[in-house]
Amino acid sequence: MNITFKDKKLESYANDDKKGKKKLGAVRFKKFKQRIDALRMVKNLEDIRHFPGNYHELKEDRKGQWACSLDGAFRLIFEPHENPIPENENGQYLWIEIKGVEVLEIVDYH
């Protein structure tokens with residue numbers, strides 16, 4: 001899957017282990033790298049739906065974004081490159097049609 005990053009800091013964490021560990025802490029960085037590596041190795045979001053990390057669609061003011069768990073209440077937030085996001089006739093997103101994502105942030109939105 002094609003992955004881009006909203007900002008240079010997040011991209012540097014994914015590409016520089018030393019910087020990522022320093023900024024995120026060892027535990028959160030390990031989970032971050034696992035999630036990024038998993039996204040990179042799949043063809044589409046459907047392929048990752050049942051991987052560890054609880055990949056899920058967000059609702060309400062975050063509709064159109066996805067999240068996966070890192071540590072504690074922290075989540076990795078991303079959105080599809082596809083615009084508009086592919087949907088079926090019932091308005092459900094078609095995970096299998098999403099072939100690229102942009103990583104937006106790491107946040108505790110709870």
Side-chain angles (χ1 to χ4, degrees):
M1 176 177 290
N2 181 31
I3 301 174
T4 57
F5 296 85
K6 182 178 180 180
D7 66 41
K8 296 291 181 191
K9 282 193 303 186
L10 284 171
E11 187 172 11
S12 71
Y13 301 162
N15 296 319
D16 183 339
D17 290 1
K18 186 175 180 181
K19 184 183 277 188
K21 283 180 190 173
K22 181 178 180 183
K23 294 294 184 179
L24 300 176
V27 173
R28 189 168 306 142
F29 173 73
K30 180 180 177 185
K31 293 292 186 185
F32 172 74
K33 283 292 281 192
Q34 288 173 344
R35 304 304 181 242
I36 295 296
D37 290 346
L39 284 166
R40 283 182 173 149
M41 73 177 225
V42 298
K43 292 180 183 177
N44 57 59
L45 274 186
E46 184 64 35
D47 291 344
I48 204 165
R49 183 180 278 223
H50 301 293
F51 275 39
N54 186 29
Y55 291 83
H56 58 282
E57 297 173 27
L58 298 177
K59 299 176 184 176
E60 298 174 18
D61 62 332
R62 288 190 174 265
K63 184 168 175 53
Q65 297 179 347
W66 272 251
C68 60
S69 301
L70 295 177
D71 66 312
F74 282 89
R75 303 292 182 260
L76 180 66
I77 310 299
F78 54 93
E79 64 185 11
H81 287 162
E82 289 77 9
N83 187 11
I85 301 170
E87 297 179 346
N88 67 16
E89 62 277 357
N90 297 319
Q92 298 168 314
Y93 292 133
L94 297 171
W95 289 46
I96 199 164
E97 297 293 327
I98 298 169
K99 300 183 186 319
V101 297
E102 181 172 47
V103 175
L104 303 175
E105 63 183 331
I106 295 171
V107 66
D108 173 359
Y109 56 73
H110 295 103

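These numbers come from a predicted model, not from an experiment.
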Can you tell me if [atom1] on [X] sees more than 12 non-hydrogen neighbours from other groups inside 6.0 Å?
{"X": "I96", "atom1": "CD1", "answer": "no"}
{"X": "K33", "atom1": "NZ", "answer": "yes"}
{"X": "K99", "atom1": "NZ", "answer": "yes"}

Using every non-hydrogen atom in the two residues, find where [X] and [Y] come nearest and quote the distance to one decimal.
{"X": "C68", "Y": "F78", "result": "SG-CE2, 4.2 Å"}
{"X": "K6", "Y": "E102", "result": "CA-OE2, 3.6 Å"}
{"X": "H81", "Y": "N2", "result": "CE1-ND2, 3.3 Å"}
{"X": "G64", "Y": "P80", "result": "O-CD, 3.4 Å"}

### Task
Flag the pair W95 / Y55 as yes when their ring centroid distance falls below 6.0 Å, and as no otherwise.
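No, the ring centres sit 6.0 Å or more apart.
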### Query
Among the clusters formed by ILVMFWY side chains lying less than 4.5 Å apart, do V107 and L58 turn up in the same one?
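Both belong to a single hydrophobic cluster.
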### Message
Show me the pairs that pass salt bridge (charged side-chain N to carboxylate O under 4.0 Å, His left out) and involve residues 67-84, at least two apart or across chains.
### Response
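For residues 67-84, and leaving out neighbouring residues, the salt bridge (charged side-chain N to carboxylate O under 4.0 Å, His left out) pairs sorted by first residue read R28-D71.
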### Message
I need the K30 NZ to L24 CG distance, nearest 0.5 Å.
### Response
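One gets 14.5 Å once the value is rounded to the nearest 0.5 Å.
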Donor-acceptor pairs under 3.5 angstrom involving side-chain atoms of residues 43-53: please list them, not counting sequence neighbours.
| from | atom 1 | to | atom 2 | distance (Å) |
| --- | --- | --- | --- | --- |
| N44 | OD1 | E46 | N | 3.0 |
| N44 | OD1 | D47 | N | 3.0 |
| D47 | OD2 | K43 | N | 3.3 |

### Query
How would you list, by chain and number, every residue that makes a side chain to side chain donor-acceptor pair (under 3.5 Å) with R62, sequence neighbours excluded?
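In terms of side chain to side chain donor-acceptor pair (under 3.5 Å), with neighbours along the sequence ignored, R62 is linked to Q65, E105.
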#### Entry: Full working for side chain to side chain contact (heavy atoms under 4.5 Å, CB included) between I36 and F5
CA-CA 11 Å; I36 295 296; F5 296 85; 4.1 Å; yes
### Query
Looking at side-chain heavy atoms only, is the closest gap between F32 and I106 below 4.5 Å?
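F32 vs I106: side chains touch.
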